Amino acid sequence: MAASPLVAGRGEDDTMGFDNGRGTGDFGNIRRVAMISVHTSPIATLGAKDAGGMNVYVRELSRQLGRQGVAVDIFTRRSDTFAPDIIEPFENVRVIQITAGPTATVPKETLFNYLGEFASEMALFGLRDGVSYDVVHAHYWLSGWTALLLRRYWTAPVVQMFHTLAALKKEAARGALDGQESSLRIESERRLIARVDAIVAANARERAEMIWWYGLQTSKIRTIPCGIDLERFFPQDRAAARAELGLGPAPTLLFVGRIDPVKGIDFLIEGYACLCADWHGVEKPRLIIVGGELTDGGLGPDLARVRERAMERGVADGLIFCGPQPHETLARYYAAADLTVVPSRYESFGLVAIESMACGTPVVASRAGGLAYTVEEGRNGLLVPYGDVPALADALGRALGDDTLRRELGAGALVTAREYSWADVATRILALYRETNAARRAALTALPAVAAGD
Ligand code: UDP
């Protein structure tokens, strides 16, 4: 097993001569970015356990940066022997498989042991390929730790995006996720926050919480939301979308996402059961579930548990399990739905809510994390206190039973979604890269003068 990266032993700016300290040599001009996504590939199947918003974020941000003329190398851990070493999914973007640890899917919790190997393999790749980077952009704490280890080889500044922070997730879920997050993760996130050059928060609340919980310097954080692809998510005819999915006219609720306790699907099944118990319409509402894992024999274990719970509540016949669906087909599901439900215990941002809004489908969401910013009560959707089953059932019943309300919320949703284009997000991220790179270069240039007692 590789040595623990925690005891790697070299100072954080202690380079080994792999990088001349000048990146591409052009101050303020960002030409090449190393994007790190250790535990999950940007081209993985979405909706499964560890593949969701972060994968979309890395892929779409890289694509936009590539369009804007920046070369992006995305480094991810090899878990499949047959995956090509390098693929180029978009203009100026490469996905590079790094071998570190077993070439197999391993629990995320064990990956920390392989980060030292991952970092040195990345550095070797840079040497062999003859490239250096102006910025390292790390996603999730495991990649952030790798970026810190890379400081032994490279001098590029590190921009960190956590996607979720363990301490905030635990706090927000009020005991429901106890035991899920290791103290190693919590401690590493604390150290990362102190040591990276800049941090991207997805909204003002996340920013405020980082300052409050971690004592983060405000100058290090930039609040930049996530984006969505407005060419992919746009309104479509509801009846046609339903026909394509083989659905009839019954009122339709939609859930899209990973089946993880943080997503609150248990809360949704309870709310759906109460809604059905009080429903007076001709056709009972149905609930479409997109995401989770299917097996040859049917539902994977997480989805099977969801069905069991629905059976206990007597509503399993109203559930339609679609399994994970490719991102490019999701607009049809959003268009087919009357409402998208996002019952999460915690969301750093919550892409699903905005994707649904971009398709003109209003959202009923819990007032959790980023959702409290994107979903505006009575404007583009309805908000309920997280875990409040009667409130959720009431909001669903109210919106499903009132066509005018849904039309108004749908119109508001379209307006909201336009604020979140990837092109704008990429432009803001690029400005942060420039600023961080310039600050890092200035600090490095100043070092010899100080050493000489100047
Ligand atoms: N997604 C998908 N197919 C699925 C399930 C999810 O493409 O079967 C996508 C979804 O469209 C969204 C992302 O996965 O872009 C989930 O992001 P979100 O921020 O809502 O949740 P996270 O996974 O980050 O917790």
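Fair warning: this is a prediction, and the values are worked out from it, not measured in the lab. First listed ligand is number 1; within each ligand, the first listed atom is number 1.
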> When you compare the side chain of Phe118 with that of Ser143, does any pair of heavy atoms fall below 4.5 Å?
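No; the side chains remain at least 4.5 Å from each other.
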
> Any side-chain donor-acceptor pair under 3.5 Å between Ser348 and Glu206?
yes

> Heavy-atom pairs closer than 4.0 Å: do any link ligand 1 to the side chain of Val56, the backbone, both, or neither?
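It is the side chain that touches ligand 1; the backbone stays farther off.
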
> How long is the span from the CD1 atom in Ile193 to the CZ atom in Phe162, to the nearest 0.5 Å?
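The CD1 atom of Ile193 sits 4.0 Å away from the CZ atom of Phe162.
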
> Relative to the heavy atoms of Arg258, which atoms of ligand 1 are at a distance of less than 4.0 Å?
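Under 4.0 Å from Arg258, ligand 1 has these atoms: 22 (P), 23 (O), 25 (O).
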
> Number the atoms of ligand 1 from 1 as they appear, then name those within less than 4.0 Å of a heavy atom of Leu330, with their elements.
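Numbered from 1, ligand 1 contributes 1 (N), 2 (C), 3 (N), 7 (O), 10 (C), 11 (O).
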
> Under 4.0 Å, counting heavy atoms only: does Lys263 come that close to any atom of ligand 1?
yes

> Pick, from Leu371, Thr164, Val256, Asn55, the option with the minimum heavy-atom distance to atom 6 (C) of ligand 1.
Val256

> Taking distance alone, with no angle check, do Val352 and ligand 1 share an N/O pair under 3.5 Å?
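Between Val352 and ligand 1 (N or O atoms, distance only) the closest approach is under 3.5 Å.
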
> Within the 4.5 Å heavy-atom criterion, are Val159 and Val33 side-chain neighbours or not?
no

> Do Phe75 and Thr146 have side chains that approach each other closer than 4.5 Å (heavy atoms only, starting at C-beta)?
no

> Within the structure provided, determine whether Val306 and Arg309 are in side-chain contact (heavy-atom separation under 4.5 Å).
no

> When only distance counts, is Leu351 in polar contact with ligand 1, meaning an N/O pair under 3.5 Å?
yes

> Which one of Gln325, Glu355, His163 has a non-hydrogen atom at the shortest distance from atom 10 (C) of ligand 1?
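When every heavy atom of Gln325, Glu355, His163 is considered, Glu355 comes closest to atom 10 (C) of ligand 1.
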
> Any atoms of ligand 1 less than 4.0 Å from a non-hydrogen atom of Gly291? List them with their elements.
8 (O)

> Evaluate the ring planes of Tyr57 and His163, with Trp represented by its six-membered ring, and classify them as parallel (under 30°), tilted (30 to 60°) or perpendicular (over 60°).
perpendicular

